[in-house]
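These numbers come from a predicted model, not from an experiment.
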Amino acid sequence: MTESNPQTTDQIRLTGEDEMVNFAGRMSSILMGGGLVFLEGTLGAGKTTLSRGLIQALGHTGPVKSPTYTLVEEYDLPEGRVCHFDLYRLGDPEELEYMGIREYLTDGTLCLIEWP
Ligand SMILES: Nc1ncnc2c1ncn2[C@@H]1O[C@H](COP(=O)(O)OP(=O)(O)OP(=O)(O)O)[C@@H](O)[C@H]1O
Ligand SMILES: [Mg+2]
């Protein structure tokens, strides 16, 4: 990946859930200090799978449920706080204010956002 040119896109082919989770584990080392990741892709593209791989690689041992109905799931992990959003069912952008989205988007927190 080229940091100097944000237009550069690299493609990585991941075949199957295991490869996705493995890739997420490799990504986790650069996301430990926090960050904002927009997960874009069609229904069933693997956004939650990638999130699960990241959250578990950062120390979560239990299951990772899709935040489709809750909008956000929070994890306080040894490697820092992770907030996993799924905004597919968001009816109105105002709801983001009601849920206090600004409180989540802080330094040191890793925010993973499905359907950004
Ligand atoms: N790289 C991959 N190749 C093939 N199948 C995959 C891959 N990653 C995930 N899957 C499988 O695709 C299915 C859907 O994955 P997932 O729930 O992560 O998608 P999603 O993008 O979060 O969907 P949604 O838009 O509904 O939130 C799961 O059964 C998962 O195991
Ligand atoms: Mg999902």
Derivation of the side chain to side chain contact (heavy atoms under 4.5 Å, CB included) call for Arg52 and Glu17: CA-CA 11 Å; Arg52 174 164 56 83; Glu17 190 175 331; 2.5 Å; yes
Side chain to side chain contact (heavy atoms under 4.5 Å, CB included) between Tyr75 and Val64, intermediate numbers included: CA-CA 10 Å; Tyr75 302 86; Val64 170; 3.5 Å; yes
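- Proximity of Leu87 to Ile113: side-chain heavy atoms (C-beta onward) are separated by under 4.5 Å at one or more points.
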Working for side-chain hydrogen bond (donor to acceptor under 3.5 Å, both in side chains), residues Thr48 and Ser51: CA-CA 5 Å; Thr48 300; Ser51 301; 5.7 Å; no
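- Among all heavy-atom pairs drawn from Thr70 and Glu73, the shortest one is OG1-OE2, 2.9 Å.
- In terms of heavy atoms, Met99 sits closest to Tyr104 at O-CE1, 3.5 Å.
- At least one donor-acceptor pair closer than 3.5 Å links the side chain of Lys47 to the backbone N or O of Gly41.
- At a threshold of 4.5 Å between non-hydrogen side-chain atoms, the residues Ile55 and Leu112 count as touching.
- Distance OG/Ser29 to CG/Leu54: 10.0 Å, rounded to 0.5 Å.
- The two atoms that bring Ala57 and Gly25 nearest to each other are CB-CA, 3.8 Å, heavy atoms only.
- A heavy-atom distance below 4.5 Å is not found between the side chains of Leu39 and Phe85.
- Atom CD of Glu74 is separated from atom SG of Cys111 by 9.0 Å, given to the nearest 0.5 angstrom.
- The distance from atom CG of Asp76 to atom SG of Cys83, rounded to the nearest 0.5 Å, is 8.0 Å.
- Environment of CG in Asp107: sparse, with no more than 12 heavy atoms of neighbouring residues, nucleotides or ligands closer than 6.0 Å.
- Both Leu105 and Leu71 are part of a single hydrophobic cluster, where members link through side-chain heavy atoms under 4.5 Å apart.
- Atom CD1 in Ile12 sits 4.0 Å away from atom CZ in Phe23 (nearest 0.5 Å).
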Stepwise side-chain hydrogen bond (donor to acceptor under 3.5 Å, both in side chains) test for Glu103 and Thr106: CA-CA 7 Å; Glu103 307 298 317; Thr106 55; over 6 Å; no
Derivation and outcome, salt bridge (charged side-chain N to carboxylate O under 4.0 Å, His left out), residues Glu95 and Arg89: CA-CA 10 Å; Glu95 287 175 44; Arg89 285 176 191 275; over 6 Å; no
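- One distance of note links CE of Met32 with CG of Leu58; it measures 5.5 Å at 0.5 Å rounding.
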Steps toward side-chain hydrogen bond (donor to acceptor under 3.5 Å, both in side chains) verdict (Glu114, His84): CA-CA 8 Å; Glu114 298 188 37; His84 178 202; 2.7 Å; yes
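- Side-chain contact check for Thr61 versus Gln56: every heavy-atom pair is 4.5 Å or farther apart.
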CA sep, side-chain torsions, deciding dist, call: Phe38, Leu36, side chain to side chain contact (heavy atoms under 4.5 Å, CB included): CA-CA 7 Å; Phe38 287 172; Leu36 179 61; 3.8 Å; yes
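- Note: the hydrophobic cluster containing Ile30 also contains Leu14 (ILVMFWY, side chain heavy atoms under 4.5 Å, direct or indirect links).
- Across every non-hydrogen atom of Pro116 and Glu40, the tightest pair is CG-CG, 3.8 Å.
- Contact between Leu110 and Val37 at its shortest, heavy atoms only, is CD1-CG2, 4.2 Å.
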